[in-house]
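Worth knowing before you read on, the calculation uses all heavy atoms, side chains too, and leaves out hydrogens, waters and symmetry mates.
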Amino acid sequence: MAPPASANGSSVKDFYQDEKNLMKLCDFLRSGDGPAVREAIEMDKRVYYIKGEKLVNFLVEPKKGTKWPKDLPRFKSRPEAIAVCKDLCSRHFMHRSEKVAKGELEVSRVRDFDESAYFTWIYEGNKKFSHLMTTMLIIGFLCCTCFPIWPNFLKVFVWYMSVSMLIFIFFLITFRALIFLFVWIIGYEFWILPNLFDEQLGFFASFVPLYTLDKTKEGQLMYRIGVFVAFFSFCYWAVTQPSEFDGFVKGQGDFIKDLYAGTLLSDMSQKDKENIDKPKMPSLEDLLKKLDSEDEEEKELSEEEAVDSLLDNLVEDEDEIIGDEE
């Protein structure tokens, strides 16, 4: 299927004169298949910028493996690409910027497009997905704050999901580490999902690539031999001391069972957790105990008053005797 511009016999520049078509091009440029951009701070806001020359190069000759949209015509020459870039600036899809420091930009007074200059994206693309995620975040926050009034089956479901996710992450980390250790001992570095915990990558990018395999650096032979001896010494101990190791395995199994059953806490704490939604009203037994304790306090108080009164009487009698003697 030929691009729309070729089918109509019109030029690429005429096709992108339509603002809707220009927005489609911007959506493609801002997507993961678009040219690489850098992050910076401009007017106290995080922005993405690109050099004009790289943008033109990408439009004329995209990087290898780029899936160019079928409904957008390709650029045949640099003048066509530069003309469209000028339209992007004039229609405020991007603006020209100047570097003032490392990672800092400021808006340039010059508005014209130049391949040697830097340009900051103003166009943020379709915001439907962003609005949807914001709505889901608000709904999730409200659901979390209303957790005490959730029905019991939902609380149990969330508990099982949380415990399952925790156990899955633990075993995934352990599995990755063991596989890396086995392969590292023989002289290679093998990582499953090497970018899984990279905070600078997005969610989907964290799962790419699936694995990496590289030869270890020189000078690690003694370390590999040491780890080999230590690891297989542990394996030998686990085999020759089955009672201790079996106890360790059994303890881990009991821990997971208690974790799912929610019995890691004391019975009193478990009872309070189950009755968190019930109003806390004192029982008849509690009321009687409270009354008995109050009576005992009154008795103790009356006894103290009697002792104080007796002491006062003795003091007064002693004063009277001393007065009579005088």
Side-chain angles (χ1 to χ4, degrees), residues 3-5 10-134 137 195 198-206 208:
S10 57
S11 65
V12 174
K13 182 179 179 181
D14 294 337
F15 177 84
Y16 289 114
Q17 287 296 323
D18 188 347
E19 189 167 349
K20 293 182 178 179
N21 296 331
L22 201 59
M23 290 178 63
K24 292 181 181 180
L25 177 64
C26 290
D27 289 334
F28 167 65
L29 295 176
R30 295 303 313 273
S31 67
D33 292 328
V37 295
R38 296 182 179 180
E39 294 185 12
I41 301 298
E42 185 179 79
M43 300 177 65
D44 298 329
K45 181 181 178 182
R46 185 173 298 277
V47 296
Y48 299 92
Y49 71 97
I50 186 174
K51 193 172 184 179
E53 182 181 4
K54 292 185 178 180
L55 179 58
V56 174
N57 292 339
F58 179 84
L59 292 175
V60 177
E61 188 176 355
K63 57 186 178 181
K64 187 177 181 181
T66 301
K67 298 180 180 179
W68 191 275
K70 295 181 180 180
D71 57 345
L72 296 178
R74 298 285 295 269
F75 294 88
K76 299 179 180 179
S77 63
R78 295 185 70 86
E80 288 181 343
I82 293 174
V84 172
C85 290
K86 290 181 178 180
D87 288 341
L88 292 175
C89 293
S90 62
R91 299 189 186 188
H92 304 291
F93 287 94
M94 57 171 51
H95 67 259
R96 187 167 175 173
S97 301
E98 294 180 359
K99 283 188 174 182
V100 295
K102 185 178 181 180
E104 293 186 15
L105 299 175
E106 68 177 9
V107 180
S108 175
R109 296 182 179 180
V110 182
R111 304 297 182 183
D112 297 335
F113 181 83
D114 189 346
E115 294 188 48
S116 61
Y118 295 96
F119 294 88
T120 302
W121 280 106
I122 302 175
Y123 180 74
E124 297 182 352
N126 192 340
K127 305 296 291 182
K128 290 183 180 180
F129 181 76
S130 177
H131 296 331
L132 176 63
M133 294 302 295
T134 303
L137 180 63
N195 297 324
D198 193 339
E199 299 179 354
Q200 298 180 351
L201 298 178
F203 176 78
F204 296 103
S206 299
V208 179

Please evaluate residues Gln17 and Asp87 with respect to the criterion side-chain contact (heavy atoms from CB on, under 4.5 Å), reporting the C-alpha separation (whole Å), side-chain torsions for both, the decisive distance (0.1 Å), and the verdict. CA-CA 8 Å; Gln17 287 296 323; Asp87 288 341; 3.4 Å; yes
Applying side-chain contact (heavy atoms from CB on, under 4.5 Å), run through Cys89 and His95 and close with a yes or a no. CA-CA 6 Å; Cys89 293; His95 67 259; over 6 Å; no
Run the numbers on Thr66 and Phe28 for side-chain contact (heavy atoms from CB on, under 4.5 Å), then give the verdict. CA-CA 11 Å; Thr66 301; Phe28 167 65; 3.7 Å; yes
Passes side-chain contact (heavy atoms from CB on, under 4.5 Å), Leu59 versus Glu80? Steps please. CA-CA 9 Å; Leu59 292 175; Glu80 288 181 343; over 6 Å; no
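With values rounded to the nearest 0.5 angstrom, Glu19 atom CD is found 12.5 Å from Leu25 atom CG. Separating the CG atom in Asp114 from the CD1 atom in Ile82 is a distance of 9.0 Å, to the nearest 0.5 Å. A distance of 12.5 Å separates CE of Met23 from CZ of Arg30, quoted to the nearest 0.5 Å. In this structure, the separation between CG on Asp14 and CG on Asn21 is 11.0 Å, given to the nearest 0.5 Å. To the nearest 0.5 Å, atom SG of residue Cys85 and atom CD of residue Glu53 are 12.0 Å apart. Atom CG of residue Leu22 and atom CG of residue Asp27 lie 10.0 Å apart, to the nearest 0.5 angstrom.
Closest approach of Phe15 and Pro73 over heavy atoms only: CE2-CD, 3.2 Å. Closest approach of Lys63 to Gly32, counting heavy atoms only: NZ-O, 4.2 Å. Between Arg78 and Val60, the shortest heavy-atom distance links the atoms CA-CG2, 3.8 Å.
Enclosure of atom OH in Tyr48 is not indicated, since only 12 or fewer non-hydrogen atoms of other residues, nucleotides or ligands lie within 6.0 angstrom.
Listed by first then second residue, pairs satisfying salt bridge (charged side-chain N to carboxylate O under 4.0 Å, His left out) with a partner in residues 33-42 read Glu39-Arg46, not counting sequence neighbours. Listed by first and then second residue, the salt bridge (charged side-chain N to carboxylate O under 4.0 Å, His left out) pairs involving residues 98-110 amount to none (not counting sequence neighbours). Annotation: ring-ring contact (aromatic ring centres under 6.0 Å, His included) contacts involving residues 104-125, sequence neighbours excluded, comprise Tyr49-Tyr118, Phe93-Tyr123, Phe113-Phe119.
At least one donor-acceptor pair under 3.5 Å links the side chain of Arg96 to the backbone N or O of Asp112.
Taking the six-membered ring where the residue is Trp, Phe75 and Tyr16 present parallel rings, their angle staying beneath 30° rather than reaching 60°.
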